[in-house]
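Let me begin by handing over the structure; questions about it come next.
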Amino acid sequence: MSELKKVKPALSKGTRDFLPVEVAKRNYIFEIIKSVFRKYGFEEIETPAIERMETLTGKYGDEGDKLLFKILNSGDFLKDVPKEDLAAANSPAALKHIAEKGLRYDLTVPLARYVVQHQDSLAFPFRRFHIGPVWRADRPQKGRYQEFYQCDADVIGSESLLNEVELTMIYAEVFKRLGVDVIIRFNHRKVIEALIAVINKPEFAEVIISCIDKIDKAPWEKIEVELHEAGLTKAETDAIYSSIVSNADNLWMDDGIKTNPSGEVAFNELSTFLKAINNSIPNLAYDGRLVRGLNYYTGVIWEVVLDKNSSANSNITMGSLGGGGRYDNLTEMFGAKNMSGVGISFGIERIYDVMEELNLFPPTISQGVQVLFVPREKEMEAFAFQQAQILRNKGIGAEVFLGNVKKQKQFKYLEDKKIAYVVEVGDNEQTSEKFRLRNTQTRDTQDGLSIQDIVAIMLQ
RNA sequence: GUGGUCUUAGCUCAGUUGGUUAGAGCAGCGGUUUGUGGUACCGCAGGUCGUGGGUUCGACCCCCAUAGGCCACCCCA
């Protein structure tokens, strides 16, 4: 042991440890989300952190492939690399020989693989939710990590728009229960398709979508420049501006778009969607500027943002707290027939930050026990332990402080762990079996209690 | 991937134009006091100043490289 080199304790870039109190708060969020998911019939699944590179590559574009974490093959990993690739230091060509596995980049591609692979044992329409870490070799920033959690719910194999309605209701209920005031923005991807068709520039679809996605963050003048540089004329950018930027709240009533075949589909679907919701969700708002950057969406799309009109949120800037949409081609990449899917995602890292900022976590969130017994001397530990055991047998969380008997240490422990009650055990207590119960917060004390009295008080 | 900025004890930070043994608070450890307490006081320990080079008689301080944090892009959650 003494020969082990001592190293500074440090985390790998872009990763975090969680303190007990942080885990408790994260679990609080997870539990609320899970309970709502379950109420709507979604079942939890798990998939491995590790997937075959074959499964992962080519699904996220060139940028995405670069951000995949690769796992070096075991053993002599250079053995199978062609000599010419090694000699030329051709990393991309050598990659498939040295890394057959990688860490999952999101939960959606694993879902597609999962659904195709387990078609025979799943009940369709398949409603699942999945909460777990994913990994991206991105450059870290505040709120952006190399390891972070995603929290998704999807319905696979049903085209009914009532799925969209239910998912919207899930969003509304979760954020209401968390106490975060949000606006659920929605749009339809075919509105954008119609717009692109109207200005007749299908080859620019990607850049147009990407630019509309930036409207919230950058001034229109800057976006216009980017569109011009991509090759669009002034007339075309003007058309985009008049339809989308200046008319975002009722774009879907725009005649040009509405009479286009794609626009007509969007209009009909959104009408059905809104009719089913029947004004039951007050914080739902149409926004024609919403497109979602990901290119696999084909139908209704959502994004959840803080409600700027809520006084609580006035001092906070935060990107979207969730997003989702319908996609038609999820399973195609794995050679299965197309199954339509629709899903939502909660940005739990951001939700955590917002709730921390707004002080929305309940004070009772601590996972600590209710009662701490502090032995006055080492000799009383065994007796204190017996008392704690009596509480535990009644289902009451109790702990005996088994460290240093110095009271500074004992009371510091009590405060650090935010334990509600303290009972000191000294000679008097041991002989009389009567205790003083002290409330840590109010410092109220009750004297002469038997252990059964304490049980009764705790169970009130 | 591009650019900017920062890094001194476990944590938060001082540290004079480059000059002898790099400091404080908190946290940790030990002690004194206190039978009803969470206090106060005393002491101890903890640092190759992110890492590796360079300039200099001499570097926490200047230069270069590199790692990590943060910020703005790209992209995204």
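Note that the structure is a prediction, hence the values are computed from the model and not measured. Just so we're on the same page: letters track the sequence lines, and every chain starts at 1.
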Keeping the roles fixed (side chain from A/Arg189, backbone from A/Arg326), state whether a donor-acceptor pair exists under 3.5 Å.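 Side chain of A/Arg189 to backbone of A/Arg326, a donor-acceptor pair under 3.5 Å: no, none is there.
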Assign A/Asp427 to base, sugar-phosphate, or nothing according to its heavy-atom contacts below 4.0 angstrom with the strands shown.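 Base contact.
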Rounding to the closest angstrom, what is the interatomic distance between B/rG46 and B/rG10 at atom C1'?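 Roughly 9 Å separates the two C1' atoms.
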Any side-chain donor near an acceptor of the partner, A/Tyr327 and A/Asp154, under 3.5 Å: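 Judged by distance alone, the side chains do pair up.
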Under the 3.5 angstrom rule, does the side chain of A/Asn439 hit a backbone N or O of A/Thr442 as a donor-acceptor pair? yes
Rounding to the closest angstrom, what is the interatomic distance between B/rG25 and B/rG43 at atom P? 11 Å
B/rC70 to B/rA27 separation - P atoms, rounded to the nearest Å: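 Taking atom P in both B/rC70 and B/rA27, they lie 27 Å apart.
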Keeping A/Tyr297 on the side-chain end and A/His188 on the backbone end, is there a donor-acceptor pair under 3.5 Å? no
Sugar-phosphate, base or nothing in reach of A/Lys66, heavy atoms under 4.0 Å: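 The residue A/Lys66 makes no contact with any strand.
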Checking only heavy atoms, does the side chain of A/Arg139 share a donor-acceptor pair with the base of B/rU2 at less than 3.5 Å?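 Under the 3.5 Å cut-off, the side chain and the base do form a donor-acceptor pair.
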Counting side-chain heavy atoms from CB outward, which of B/rA27, B/rG38, B/rU39 is closest to A/Gln408?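 Selected nucleotide (nearest to the side chain): B/rU39.
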Heavy atoms under 4.0 Å, any strand shown: does A/Gln141 hit a base, just sugar-phosphate, or nothing? base
Hey, does the side chain of A/Asp65 reach the backbone of A/Gly58 with a donor-acceptor pair shorter than 3.5 angstrom? yes
Looking only at the side chains, is there a donor atom on one of A/Arg177 and A/Ser35 sitting less than 3.5 Å from an acceptor on the other?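 Yes, A/Ser35 and A/Arg177 have a side-chain donor paired with an acceptor closer than 3.5 Å.
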Across the strands shown, which category fits A/Gly324 at heavy-atom distances under 4.0 angstrom: base, sugar-phosphate, nothing? nothing
Any donor and acceptor pair, going by atom type alone, linking the side chain of A/Asp453 with main-chain N or O of A/Ser450 inside 3.5 Å? yes
Rounding to the closest angstrom, what is the interatomic distance between B/rU12 and B/rU7 at atom P? 12 Å
Compare side-chain N and O positions of A/Lys13 against OP1 and OP2 of B/rG68 and report whether any pair is under 4.0 Å apart.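 A/Lys13 to B/rG68 OP1/OP2: side-chain N or O found under 4.0 Å.
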Between B/rU2 atom C1' and A/Asp138 atom CG, what is the distance in whole Å?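 Between C1' of B/rU2 and CG of A/Asp138: 13 Å.
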Can you identify which nucleotide, out of B/rG3, B/rA77, B/rG28, has its nearest atom closest to the A/Arg136 side chain?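 Out of B/rG3, B/rA77, B/rG28, the nucleotide with an atom closest to A/Arg136's side chain is B/rA77.
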In this structure, how many angstroms lie between the C1' atom of B/rC73 and the CD atom of A/Glu226, rounded?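 Spelled out: CD on A/Glu226 to C1' on B/rC73 is 12 Å.
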For RNA chain B, list all stems, counting runs of three or more consecutive pairs where every pair is Watson-Crick or G-U wobble with both distances under 3.5 Å. B:1-7 with B:67-73, B:10-13 with B:23-26, B:28-32 with B:40-44, B:50-54 with B:62-66
Taking atom C1' in both B/rU32 and B/rG69, what distance in whole Å separates the two?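 After rounding to an integer number of Å, I get 43 Å for this pair.
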In whole angstrom, give me the gap between the C1' atoms of B/rC60 and B/rG31.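 Nearest-Å result for B/rC60 against B/rG31 at atom C1': 35 Å.
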Would you kindly check if the NZ (Lys) or CZ (Arg) of A/Arg128 is within the cone defined by 45 degrees around the ring axis of A/Tyr114 and under 6.0 Å from the six-membered ring centre?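 Relative to the ring axis of A/Tyr114, which defines the angle, A/Arg128 lies outside at least one limit.
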d(CD, A/Glu229; P, B/rC74) in whole Å: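 Interatomic distance, CD of A/Glu229 to P of B/rC74: 12 Å.
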Name the nucleic acid region contacted by A/Glu415, choosing base, sugar-phosphate or nothing; use a 4.0 angstrom heavy-atom cut-off, strictly under.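 Here A/Glu415 touches the bases of the nucleic acid.
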When the distance from CD1 of A/Ile301 to C1' of B/rA77 is rounded to whole Å, what number comes out? 17 Å
Which whole-number value in Å describes the distance from A/Tyr105 OH to B/rC76 P?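 Going from OH in A/Tyr105 over to P in B/rC76 covers 7 Å.
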For A/Glu147, which contact category applies under a 4.0 Å heavy-atom criterion: base, sugar-phosphate, or nothing? nothing
